2 protein chains.
Amino acid sequence: MARQRAFDRDVALETALRTFWRHGYEATSIAELTAAMGIRPPSLYAAFGDKRRLFEEVVGRYQQTHGAFTTRALTEEPTGRQAIERVLREAAAEYTSEEHPRGCLIISAAVNCGPASAEVEELLRGFREEAKAALKRRIDDDAAAGLIPAGTDTAGLATFYAAVIQGMSTQARDGAGHADLLRIAALAMSAWPVGRREGVG
Amino acid sequence: MARQRAFDRDVALETALRTFWRHGYEATSIAELTAAMGIRPPSLYAAFGDKRRLFEEVVGRYQQTHGAFTTRALTEEPTGRQAIERVLREAAAEYTSEEHPRGCLIISAAVNCGPASAEVEELLRGFREEAKAALKRRIDDDAAAGLIPAGTDTAGLATFYAAVIQGMSTQARDGAGHADLLRIAALAMSAWPVGRREGVG
DNA sequence: TCCTTTCTATAGCGATCGATACAGAAACCA
DNA sequence: TGGTTTCTGTATCGATCGCTATAGAAAGGA
């Protein structure tokens, strides 16, 4: 019973996602966002609240689309080792895809923040810690199943693979290609503890 | 034959270094810098030119002080393996030190930049690529000396260790401690190719 | 066709950005 | 002690920041 929106909210959100993905939260201005989305500030604020809430919605969308491969790999693979190997392999492809900005939004979009947006920095930091904890849970599964030696430092392994993934994101943003990141992934997997399947222990 | 500066330029530069180190290039305002340095804008501009040149001087100072351990390790150790192992071990200590902001300034101070400071982003990117090339040169030394198998992908190894170091910086900024980073370093070294010294090949 | 409602566009809000004009203060030379 | 030079502090420049008041335009119900 009133005038309807003249733009596609979903398309506009995806455009905002890619803009934030490229330059980060603080470095992306409302002017740049509205120019990219093809709308004017009042339309943005009416549809998305404010810059902070738009970014939070962008992060949610990212986790359910471009970043969903992590959760899929961790839930679908039978062992922790296979799960982490797949995460690394798919990250290599995703972080270097030509279809969208390089690297990972959760890792790189809120690194340089002033005091005004410290909470945004903390939000992404929380998601990174959550992802690291998810890695650890699958490694713990392998430890419980006896696939890796008893007494293995599973938290240390999770921190290592989290660091490798974050390094892959930085490398991708610095220009490394798909093959470069696959080599990183393969070398990282060579750090996996020798276990039952490999004929030791 | 004229009035002399009322503040210590070197102390002020170190203060600016730590401020940029914590929040990054764009997120650090002139107001925040002058407040931290205890001077007023005209003094800053007279002594350092402008924000861009101040940052470039900060980066140079960082490379010769807090970041100098990398070059030292790479030049002083007899083998590439020992050099890289030492870089990782010292990075673990440096990135988590309580004496200054966490992580690496070259890696984290210009990640989220708008179009206006794309050149600053590119400057640090160049230094990161230079560091990666320095890693590769030492790995090539080991290859030439027959310490690692013939045909080893030395560029791939260099990219791997560069990624690990960048991941260590991110982990440190997210709260990981010295021991956590040492574990990352140890696991990363387990990816080093098996060579003559290890009794294979 | 008119009324209500919600969108859109223009224009501009106060605050902050990087950077400076200006005048007073301090240090050296004559 | 006066003159020259360079620093320092105040106050502010134009531009941009995130955000919004206001008015006109469009869509549905009566």
Side-chain angles (χ1 to χ4, degrees), chain A residues 1-13 15-17 19-20 22-59 109-121 123, chain B residues 1-13 15-17 19-20 22-59 109-121 123:
Chain A
M1 51 169 161
R3 181 177 179 176
Q4 57 200 14
R5 190 178 287 126
F7 64 95
D8 187 321
R9 193 183 187 280
D10 216 52
V11 170
L13 184 60
T15 302
L17 191 160
T19 310
F20 278 127
R22 196 171 307 120
H23 292 127
Y25 175 70
E26 272 201 343
T28 301
S29 67
I30 297 292
E32 187 179 357
L33 285 168
T34 54
M37 297 158 95
I39 61 177
R40 256 50 55 189
S43 299
L44 186 150
Y45 282 88
F48 300 105
D50 59 11
K51 189 185 178 184
R52 168 86 56 96
R53 272 181 284 179
L54 169 59
F55 184 72
E56 289 173 2
E57 195 168 338
V58 156
V59 172
V111 176
N112 308 133
C113 287
S117 51
E119 294 171 11
V120 172
E121 203 172 337
L123 175 77
Chain B
M1 55 171 161
R3 180 174 179 178
Q4 58 200 13
R5 190 179 286 126
F7 63 95
D8 187 323
R9 193 184 187 279
D10 216 52
V11 170
L13 184 60
T15 302
L17 192 161
T19 310
F20 278 128
R22 196 171 306 120
H23 296 304
Y25 175 71
E26 273 202 341
T28 301
S29 66
I30 297 292
E32 187 179 356
L33 285 168
T34 54
M37 297 158 94
I39 60 176
R40 256 52 54 189
S43 299
L44 186 149
Y45 282 88
F48 301 104
D50 58 11
K51 188 184 177 184
R52 167 85 55 98
R53 272 180 285 179
L54 170 58
F55 183 73
E56 289 172 1
E57 196 167 339
V58 156
V59 171
V111 176
N112 309 135
C113 287
S117 51
E119 293 170 12
V120 173
E121 203 171 337
L123 175 77

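Keep in mind that this is a model prediction, so the values were computed, not measured. Throughout, protein chains are lettered first and strands after them, A, B, ... in sequence-line order, and every chain is numbered starting at 1.
Note that the CD atom of Glu56(A) and the CZ atom of Phe48(A) stand 13.5 Å from one another [nearest 0.5 Å]. Note that the NZ atom of Lys51(A) and the OG atom of Ser117(A) stand 7.5 Å from one another [nearest 0.5 Å].
Heavy atoms of Ser117(B) sit nowhere under 4.0 angstrom from any nucleic acid atom. At the heavy-atom level, Arg5(A) lies under 4.0 Å from the strands shown only through sugar-phosphate atoms. Using a 4.0 Å heavy-atom criterion, one finds that Ala46(B) contacts no nucleic acid atom at all. Residue-level contact check: Thr34(A) touches neither bases nor backbone, having no heavy atom under 4.0 Å from any strand.
In this entry the distance linking CG of Leu33(A) with P of dT16(D) reads 17 Å, nearest Å. Taking atom CD of Glu26(B) as the reference point, atom P of dC17(D) lies 10 Å away to the nearest angstrom. To the nearest angstrom, C1' of dT8(D) lies 15 Å from CZ of Phe48(B). A straight line from NZ of Lys51(A) to C1' of dC17(D) spans 8 Å, rounded to a whole angstrom. Between the CG atom of Leu44(B) and the P atom of dT6(D) there is a distance of 19 Å, given to the nearest Å. Taking atom CE of residue Met37(B) and atom P of nucleotide dG9(D), one finds them 13 Å apart after rounding to whole Å. At whole-Å resolution of the value, CZ in Arg53(A) and P in dC19(D) are 9 Å apart.
Glu26(B) contributes a side-chain N or O that, together with a main-chain N or O of Gly114(B), makes up a donor-acceptor pair within less than 3.5 Å. His23(B) places a side-chain N or O within 3.5 Å of a backbone atom of Cys113(A) that can act as its donor or acceptor partner.
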Q: Produce a footprint string for nucleotides 21-30 of chain D: one letter per nucleotide, 5' end first; B if the base is under 4.0 Å from any protein heavy atom, S if only the sugar-phosphate is, - if neither.
A: B--BBBBS--
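Using a 4.0 Å cutoff to heavy atoms of chain A, the contacted part of DNA chain C runs 5' to 3' from dT5(C) to dT10(C).
Glu57(A) and Arg9(A) are joined by a salt bridge, as a carboxylate oxygen and a charged side-chain nitrogen come within less than 4.0 angstrom of each other.
When all heavy atoms are compared, the tightest approach of Val120(B) to Ala110(B) is CG1-CB, 4.1 Å.
Taking the six-membered ring where the residue is Trp, Tyr25(B) and Phe20(B) present parallel rings, their angle staying beneath 30° rather than reaching 60°.
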